[in-house]
Amino acid sequence: RDRDRILHCKSFRRLKHKTQVFIKPQGDHYRDRLTHTLEVAQIARTISRALRLNEDLTEAIALGHDLGHTPFGHSGEWALNEVCPSGFAHYAQSVRVVEVLEKKGKGLNLTWEVRDGIKNHRTSGHPSTMEGKVVRLSDKIAYIDDAERAGILMEEEIPEEYRKVLGYTIRERLNTVIHDIVNNSTGQPDIILSYGMEKTIRELRIFLFEHVYKNPRVKTEEQQVINMLQQLYAYYNRHLEALPGEYLELME
C-alpha cells in the first residue's frame with residue numbers, strides 16, 4: 001500500500017523534472033532524480049531479495065527517499081539552506097512531503113517504518129530497519145555511476161586502483177558491490193560492506209566529488225542554480241498570492 005501511494009503521488013512524478021547536476025542538460029539521456037530513484041530501488045530490491053528481507057518495504061523507502069530533494073542536486077539544497085530561516089535538508093523535506101504536503105495537507109499516511117527509512121537514508125542516518133539500511137547503502141552505490149551515465153566522466157578517467165577492485169564497467173561494479181554486501185550481511189544484524197570494499201567506495205566517492213561536482217562544466221552553472229532558487233524563494237515570500245492554489249489552501 002505504501003509503495004503504491006508513493007508511486008502515484010504528485011511529488012514522485014515531479015522527480016522526472018529534477019536534474020541531478022546540470023541546469024541545461026544536453027541530449028535525452030541526462031540524469032534526473034527519477035532515474036536515480038528507480039536505480040536505487042532496483043539495487044535495494046536485489047539485495048533485499050538475496051537477504052530474504054521485506055522487498056515491499058525496501059521498495060517503498062527507496063521510491064520515497066528523494067521526494068523532497070531540490071532540482072540540481074546538492075547545489076540546490078545548499079541554496080535553499082542558505083535562505084530558509086529553519087534551514088533546509090532534503091531528507092527532512094522528503095518526510096514532510098509524505099506527512100504533510102501531499103493530498104492537500106493530509107499526507108500519504110505511510111507506515112512508521114517507511115518514514116523512518118526515508119528520514120535516515122542520508123550518510124549520517126541510522127535506519128531502524130534492515131530494509132532502511134539496505135536503501136541507505138544502495139543510494140551510495142547508485143551515485144558511483146551517476147557521473148559516468150551523465151557523460152561528465154569517461155570510463156578511462158576513473159583511476160585504475162578503483163576499477164581493479166570494483167570492475168571496468170557499470171554492470172561489473174554493481175555486480176561486485178551487491179555481491180559484497182550480500183556476502184557480508186548474511187546472518188548479520190546489519191547491512192555492511194567488507195572493509196576493503198567500503199574503503200574503495202569511500203575513496204572513489206571523494207574522487208568523484210572532486211572531479212564531478214567541482215568539474216568546470218558543472219561549476220559554471222552552479223551560481224545560476226543558487227541565484228535562481230534563492231530569487232524564487234524570495235519572490236514567493238513577497239507574493240504569496242502567486243503560489244498555486246493547493247499551497248495557499250495548505251497555508252490557511
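Keep in mind that what you see is a predicted model, and the values were worked out from it rather than measured.
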Kindly compute the distance separating [atom1] ([X]) from [atom2] ([Y]), expressed to the nearest 0.5 Å.
{"X": "Thr37", "Y": "Leu67", "atom1": "OG1", "atom2": "CG", "answer": "7.5 Å"}
{"X": "Asp116", "Y": "Leu110", "atom1": "CG", "atom2": "CG", "answer": "12.5 Å"}
{"X": "Thr70", "Y": "Trp78", "atom1": "OG1", "atom2": "CH2", "answer": "12.5 Å"}
{"X": "Glu198", "Y": "Leu137", "atom1": "CD", "atom2": "CG", "answer": "8.0 Å"}
{"X": "Leu166", "Y": "Leu174", "atom1": "CG", "atom2": "CG", "answer": "10.0 Å"}
{"X": "Lys18", "Y": "Ser11", "atom1": "NZ", "atom2": "OG", "answer": "7.0 Å"}

Apply side chain to side chain contact (heavy atoms under 4.5 Å, CB included) to the pair Val98 and Val114, showing each step before the final yes or no.
CA-CA 10 Å; Val98 300; Val114 172; over 6 Å; no
Short question: side chain of [X], backbone of [Y] - any donor-acceptor pair under 3.5 Å?
{"X": "Gln230", "Y": "Ala79", "result": "yes"}
{"X": "Arg33", "Y": "His17", "result": "no"}
{"X": "Asn227", "Y": "Gln223", "result": "yes"}
{"X": "Glu131", "Y": "Asn54", "result": "yes"}
{"X": "Asn184", "Y": "Ile192", "result": "no"}

Applying salt bridge (Lys or Arg N to Asp or Glu O under 4.0 Å) as the test, list every pair that has at least one member in residues 85-109; sequence neighbours left out.
Glu99-Arg115
Determine, stepwise, if the pair Ser48 / Arg45 fulfils side-chain hydrogen bond (donor to acceptor under 3.5 Å, both in side chains).
CA-CA 5 Å; Ser48 286; Arg45 281 199 72 129; over 6 Å; no
What heavy-atom pair brings [X] and [Y] nearest, and what distance separates the two atoms?
{"X": "Pro127", "Y": "Arg136", "answer": "CD-CD, 3.9 Å"}
{"X": "Ile6", "Y": "Ala60", "answer": "CD1-O, 3.2 Å"}
{"X": "Ile47", "Y": "Ile178", "answer": "CG1-CG2, 4.0 Å"}
{"X": "Val135", "Y": "Ala44", "answer": "CG2-CB, 4.2 Å"}
{"X": "Lys119", "Y": "Arg122", "answer": "O-NH1, 2.6 Å"}
{"X": "Ala41", "Y": "Leu63", "answer": "CB-CD2, 4.0 Å"}

ILVMFWY cluster, [X] and [Y] together (side-chain gap under 4.5 Å):
{"X": "Leu7", "Y": "Val97", "value": "yes"}
{"X": "Ile226", "Y": "Tyr236", "value": "no"}
{"X": "Ile118", "Y": "Leu34", "value": "yes"}
{"X": "Tyr235", "Y": "Leu229", "value": "yes"}

Contacts table for residues 80-87: side-chain donor-acceptor under 3.5 angstrom, sequence neighbours left out:
residue, atom, partner, partner atom, Å
Asn81, OD1, Phe88, N, 2.8

Are Glu55 and Arg3 within salt-bridge range, i.e. N to O under 4.0 Å?
no
Between [X] and [Y], is any pair of side-chain heavy atoms under 4.5 Å apart?
{"X": "Ile201", "Y": "Tyr162", "result": "no"}
{"X": "Met197", "Y": "Asn183", "result": "no"}
{"X": "Glu77", "Y": "Gln93", "result": "no"}
{"X": "Val177", "Y": "Asp180", "result": "no"}
{"X": "Ile191", "Y": "Ile181", "result": "yes"}
{"X": "Ile170", "Y": "Arg173", "result": "yes"}

Please step through side-chain hydrogen bond (donor to acceptor under 3.5 Å, both in side chains) for the pair Glu160 and Tyr168, ending with a clear verdict.
CA-CA 9 Å; Glu160 178 67 18; Tyr168 291 85; 2.5 Å; yes
Which residue pairs pass the ring-ring contact (aromatic ring centres under 6.0 Å, His included) test with at least one member in residues 40-67, sequence neighbours excluded?
His36-His65, His65-His121
Derivation and outcome, side chain to side chain contact (heavy atoms under 4.5 Å, CB included), residues Ile158 and Leu204
CA-CA 9 Å; Ile158 300 174; Leu204 178 57; 4.2 Å; yes
Glu246 vs Leu250, test: side chain to side chain contact (heavy atoms under 4.5 Å, CB included). Steps then yes/no.
CA-CA 6 Å; Glu246 62 182 296; Leu250 271 179; over 6 Å; no
Report the C-alpha distance between Asp66 and Val40 in whole Å, list the side-chain angles of each, state the deciding distance to 0.1 Å, and finish with yes or no for side chain to side chain contact (heavy atoms under 4.5 Å, CB included).
CA-CA 10 Å; Asp66 271 352; Val40 171; over 6 Å; no
